[in-house]
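We name chains A, B, ... by the order of the sequence lines, and we start the count at 1 in each one. Because the structure is predicted, anything quoted here is derived from the model rather than measured.
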Protein chains: 2
Amino acid sequence: MDDLETRELRYFVAVAEELHFGRAAERLGIAQPPLSRAIVQLERRLGVRLLDRDRRGAALTEAGHVLLREARTALDAVSAAARRTRRAANPDRPLVLVTKAGASHELLRALLDAVAADPGGPQVEVLLCEVGEQARRLRDGQADVAVMHHPYDDLAGFDTVDVHVESQVAIVPATHPLAVRESVTLAEVSAVPDLPIARWPRLDGTYPDGPGPEVRTQSQLAQLVALGRTLLVIPASSRAWQWPEHVAVPVTDAPEVTTLLAWPPHGHSPAVAALLRSAARLRGGSVADRPA
Amino acid sequence: MDDLETRELRYFVAVAEELHFGRAAERLGIAQPPLSRAIVQLERRLGVRLLDRDRRGAALTEAGHVLLREARTALDAVSAAARRTRRAANPDRPLVLVTKAGASHELLRALLDAVAADPGGPQVEVLLCEVGEQARRLRDGQADVAVMHHPYDDLAGFDTVDVHVESQVAIVPATHPLAVRESVTLAEVSAVPDLPIARWPRLDGTYPDGPGPEVRTQSQLAQLVALGRTLLVIPASSRAWQWPEHVAVPVTDAPEVTTLLAWPPHGHSPAVAALLRSAARLRGGSVADRPA
DNA sequence: AGATCTGATACCCGCCGGGTATTAGGCTCG
DNA sequence: CGAGCCTAATACCCGGCGGGTATCAGATCT
């Protein structure tokens, strides 16, 4: 019927995230009245109440929650359209590979070497981002392919190829009694009173309650471990945790972690295909590429 | 930086599909000059040439092809946002299940019965569409969940759960010599001179070359088989092919077909979850729900 | 009760999307 | 070889709508 405009979606997302018309307007670089009007118009067009206005700001209705989620993915898709189109016009476009800083270092290096050795292979540009950001970079077109980890990362909506499977270790301060152990169990590490698990921010920027320290980046967490304030369980190959003050102890019953390559469906550019070929050659051929 | 508007994307898609500014403008309900201007603006914003104008219309550049694909998915995402939001506001919203007409009839009936028997289960509305259309219905929000078939359907970008695996049969005219066979092989059915394989339209509406008849719908194909003009290979349970004039012959070496439920990632509504529970109960529990 | 938040309303203006008329460039065909 | 046409592009005008400022209205807290 009547299609929404991305401007309307951007405005709604701003309001839904700020839950405050004034701040949302400021963030958007417009005045508050036009914003109010735009949201009212949007509600009228959809025939749906999106926000419960209150003198203390606004709260999302159930439909509002749905639209927030859908609008984000739609806006990402629009951004991806623009970015990928620009990139397609660039004659010497490099393939952008995104991954978490410090993760799967060894494997990544081998993959990059393999691609570089392939005469017909693409130029690869590596983009590092914080934990959980890879999916968004793929969705909005900032990256072509990602190195991700199951079950850590959310793989919904991407095609993937498994590349490597490994077990996990606990990273503990070198000074802690656990550091001398041969191995530990999940139950043990999750119940160490003086080393509470760190808390990551939720999507809205707030932190869950709990005894552990608040962290926003891997570097912060690494330093907190070195300071003897927390511990964590991660794949054995992670390289951001190899300080002298860190000790890795195998966790016997932690789930195995699969390192994999992920890319947007339908995005079968020749460059991605070449990278996948290199990856397959790397690990000896067996790739399970059935998407779902 | 500067986000595109859905209007621009709609305009571009129209031109890219028609490859003719005049017809595209007519389809959009606007005049030709504003359309030309809009496309020029779009090209200027992206800094990319999208179309090679020629006196006989227009042709897509490489970047244009990329934008056409990306714009379609982006527009679907925007439509989905509107539709799902409207639906979320509907208190007694039924779950829309889309499937190909005639496919997996038995299983679908069992699934619907199972959901109806579940006191807490959702209302389910069944939407039938032609072959290959399910994915689009899911993407643009017209449906919540689809019954699809691997490897027939394109599952890229969806979460899925396998429900049933079956072998395939060849549907041949009852009057044909092959109809009396106990079983056949793929090589045999693909090389029957008087029963050439039917040709389906491509995305742009044109047909590939070949000796077989052109078809657009399952019904057309069913009738053509009954008339002794073609044959086809399909899953054994398909019910659109049980005319008296049809005979099903097992194909020994055809790949097995998996019937599955597919839904958009992140769309974990309670209703979909309830449907999946019913499906799991149906087949006795084992579901492999790892998305990628 | 008044100060001070919040979002909603009123009103005006300038830009931009859309319309009509016309131009410009090739192809076809007599 | 020029007339006619079919294409997209340009020129120009207009109206609607998106955005601005000023103001109102309800609620809460002091």
Nearest listed nucleotide, side chain of A/A31, among D/dG19, D/dA8, D/dT21:
D/dT21
Are the side chain of B/R229 and the backbone of B/L224 linked by a donor-acceptor contact shorter than 3.5 Å?
no
Determine whether a donor-acceptor pair (N or O, by modelled atom type, separation under 3.5 Å) exists between the side chain of A/R7 and the backbone of A/A38.
no
Partner set under side chain to side chain contact (heavy atoms under 4.5 Å, CB included) for A/L127, not counting sequence neighbours
A/V96, A/V98, A/R137
B/D76 and salt bridge (Lys or Arg N to Asp or Glu O under 4.0 Å): which partner among B/R136, B/R84, B/R69?
B/R136
Does A/R83 reach the main-chain N or O of A/D140 with its side chain, forming a donor-acceptor pair under 3.5 Å?
yes
Pairs under 3.5 Å (N/O, protein and nucleotides 22-24 of chain D):
none

Can you measure A/E5 atom CD to D/dC17 atom P for me and round it to whole angstrom units?
13 Å
Nearest-angstrom distance from the residue atom CG of B/D52 to C1' of D/dT7
15 Å
Rounded interatomic separation in angstrom, taking CZ from B/R7 and C1' from D/dC17
12 Å
Using modelled atom types only, decide if a donor and an acceptor are shared between the side chain of A/E133 and the backbone of A/E130 within a distance under 3.5 Å.
no
Side-chain donor/acceptor of A/D153 to backbone N/O of A/L155, under 3.5 Å:
no
Would you say B/R53 reaches D/dT7's phosphate, i.e. side-chain N/O to OP1/OP2 under 4.0 Å?
no
Please list, in numerical order, the residues of residues 18-27 of chain B that have a heavy atom closer than 4.0 Å to any atom of DNA chain D.
B/H20, B/F21, B/G22
Could you go through the side-chain contact (heavy atoms from CB on, under 4.5 Å) check for A/W263 and A/L95 one step at a time?
CA-CA 12 Å; A/W263 63 97; A/L95 186 77; over 6 Å; no
Ignoring hydrogens and geometry, is there a side-chain-to-backbone donor-acceptor pair from A/T230 to A/P196 under 3.5 Å?
yes
Tell me, please, the opening and closing nucleotides of DNA chain C, 5' to 3', among those with an atom under 4.0 angstrom from a non-hydrogen atom of chain B.
C/dG17 to C/dG26
Using the salt bridge (charged side-chain N to carboxylate O under 4.0 Å, His left out) rule, take B/R10 and A/E5 through it: C-alpha gap first, then chi angles, then the decisive distance, then the call.
CA-CA 11 Å; B/R10 281 197 306 274; A/E5 287 299 325; 3.5 Å; yes
Between B/R86 and A/A63 (side chain of the first, backbone of the second, donor and acceptor by atom type, cut-off under 3.5 Å), is there such a pair?
no
Distance-only, no hydrogens or angles: does the A/E8 side chain make a donor-acceptor pair with backbone N or O of A/L4 under 3.5 Å?
no
Pairs counted as Watson-Crick or G-U wobble with both distances under 3.5 Å: what dot-bracket string results for DNA chain C, using | for bases tied to another strand?
||||||||||||||||||||||||||||||
Would you find more than 12 non-hydrogen atoms of other residues, nucleotides or ligands less than 6.0 Å from A/R23 atom CZ?
yes
A/T61 side chain vs A/L50 backbone, donor-acceptor pair below 3.5 Å:
yes
Any residue of residues 34-43 of chain B with a heavy atom less than 4.0 Å from an atom of DNA chain C
B/P34, B/R37, B/Q41
Okay, side chain of B/Q134, backbone of B/C129: is any donor-acceptor separation there less than 3.5 Å?
no
